[in-house]
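First up is the structure itself, then whatever we jot down about it.
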Amino acid sequence: MDKMVSTDFGGPEEHISQEVWSQLRSMLQTELGEKKFQIWLQNLYVVSASDSEVELGCPTAFNRDYVNQNFGAVILRVLREINPGVRTVVFTFAPRPHLSIDNSAHVLPREAQAPVDASIAERLGPGSIPPNPSCTFRDFVVGKSNHIAYTAAMKAAEQVVAAQKPQFTPLFLYSGSGLGKTHLMNAVVWHVLRNSASARVLYITAESFMRRFITAMKERETLAFKDEMRNVDLLLVDDLQFIADKNATQEEFFYRFNELADQGKHVILSADRSPAQIDGVGDRIRARLLHGVTLEINATDIELRLAILERKIERFQAQYPGVVIGDDVRRFVAGRIASNIRELEGAIHKLMYIADTTQQPMTLDTARRELADVINHNERRLSVDEIKRTTANFYGIRIADMDGPRRTRTLVRPRQTAMYIAKSLTSRSYPEIGKRFGGRDHTTVMHAVRQVERHSAADPVYHEEVQSLIRLLKDGAPSQGNDPNGTSKT
DNA sequence: CTGTTTTATCCACAAATCG
DNA sequence: CGATTTGTGGATAAAACAG
């Protein structure tokens, strides 16, 4: 277990650092995924390593900062798994000799961001998500799709700071994934923590709420758990849709929620759907949610995306001048990556990084090549309803017959096919699918799945039918959001 | 059309998995 | 631990089929 590092000689230390590094690399690779690893961590190397401190070299200044900010914590954690003695990990910018990056003007060390100073951390409730320092109101790019939500969040934050009661509780924000609700939640947390000396904040995901609740129950510590909830001035819960269908957790959550709301505390919730659309939520609870304000963050339009890119690039250039991302490239990125801001940022980061390492202006060709995988990977979230509709259409039957009781071949075949597709393309369970097909039994769905498997194994024609149906669904009649063309052209 | 076979469906219940 | 999901075997009645 312990590789003792005698610092008497350079020899053994050198050896050990290499060993540690290769171990670290493979662990990081699995932890972060191949892609991220290749982009950001591929070219790191060990500068020095002692028992308590590891120094990693990065090929560019930007690379150093990015890795420090985004992966620092993970890397430290992994290092500790290897050698628990490690206290700190340092990233340095040590250009390879042959790569002359000569903007020697100033490679500013840009204040290695303070890891949340103590007084602030104290007022974060236990189990809170540490707020991401780069998600503040100032960093939020406001456009017409999100300015209402932005204003509301801002207002709520200010009210908490001023210790005013909310006009409406809860504030419910919803939008598809990656459109900025988490950013807004973060911004509220920051704003409150920084501008108020006393306000206590609890910021958690619905998932972790549930997890904690369950373990508390298991260990009979529900009292402590409840106390944690009681003493906050502002409660933020992210991804509320996770506790749909989880009855016990739901009850507990809304009990806490009501308690806070009755005391005039602020509660901000987020989900990927509106309360009305989240199924598996009790009516009583839904009514309570709708009692507050419900705001949607709409899909981004291209101007907003351009503005976001603009800002990212500007900030980047302030620090690493010489990186050029042309207008054509910006429009390309903004046009192609429409669904998700996180992806948009990831893409531009990648391009900037490449531009920085090569010290060449980014060309449209390079951009297209480098982003190919991101662009093709247009995951579409399918609903059972959509599957039913499309399948019914495909076979020329009525959608009502999907739910109806009739069992004629011409109806049963499409119905079973739809069930099968629903099972394989969504994460719904058998009972859930059955419910959505006119309240059928879950074993009926299982039977349907087996039938389809059997049939498509025996009959290539049918097999092809199913496959093309799946393709049709995946590419999708765009009911919401994806215009892969983005800019012009028809 | 009638008698038979096939099978889509539901039910009761058990085992496995999840949060 | 309790809830939910995945399975099993069996019963029934609606379709499909054979004559």
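Model, not experiment: these values are computed from the prediction. Every chain is numbered from 1, with letters handed out A, B, ... down the list of sequences.
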Exercise for the section: Could you point out which residue of Thr182(A), Asn186(A), Thr205(A) forms a side chain to side chain donor-acceptor pair (under 3.5 Å) with Asp238(A)? Expected result: Thr182(A)
Completion exercise
Of the candidates dC10(B), dA16(C), dT5(C), the side chain of Thr444(A) sits closest to dC10(B)
Problem - Per Arg406(A) side chain, nearest of listed nucleotides dA15(C), dT9(B), dT5(C) - result: dA15(C)
Practice task
Would you mind telling me which of dT6(C), dA8(B), dG19(B) lies closest to the side-chain atoms of Gln416(A)?
Solution key: dA8(B)
Exercise for the section: Find the distance Glu432(A):CD to dT6(C):C1' and express it as a whole number of Å. Expected result: 13 Å
Practice task
Please check the phosphate of dT5(C) (OP1 and OP2 only) for any side-chain N or O of Arg428(A) closer than 4.0 Å.
Solution key: no
Exercise for the section: May I ask you to check if Lys388(A) and Phe437(A) form a cation-pi contact, with NZ or CZ under 6.0 angstrom from the six-membered ring centre and within 45° of the axis? Expected result: yes
Exercise for the section: Could you please name the option among dT9(B), dT6(C), dA16(C) that lies closest to any side-chain atom of His447(A)? Expected result: dT9(B)
Practice task
Establish, with yes or no, whether the OP1 or OP2 oxygen of dG19(B) is under 4.0 angstrom from a side-chain nitrogen or oxygen of Arg211(A).
Solution key: no
Exercise for the section: Choose from dT5(C), dA15(C), dG7(C) the nucleotide whose nearest atom is closest to any side-chain atom of His442(A). Expected result: dG7(C)
Problem - Cationic N near anionic O, under 4.0 Å, Glu251(A) to Arg284(A) - result: yes
Practice task
Kindly say if Lys423(A) contacts the phosphate of dT6(C), meaning a side-chain N or O under 4.0 Å from OP1 or OP2.
Solution key: yes
Exercise for the section: Record whether the side chain of Arg407(A) comes under 3.5 Å of the base of dA15(C) through a donor-acceptor pair of N or O atoms. Expected result: no
Problem - Side-chain donor-acceptor contact under 3.5 Å, Gln167(A) with Gln159(A) - result: yes
Exercise for the section: Using atom CD of Gln451(A) as one end and atom C1' of dA8(B) as the other, report the distance to the nearest whole Å. Expected result: 9 Å
Exercise for the section: Take atom CG of Asp441(A) and atom P of dG9(C), then tell me their distance rounded to the nearest Å. Expected result: 16 Å
Practice task
Starting at atom CG of Asp239(A), determine the distance to atom C1' of dG19(B), rounded to an integer number of angstrom.
Solution key: 16 Å
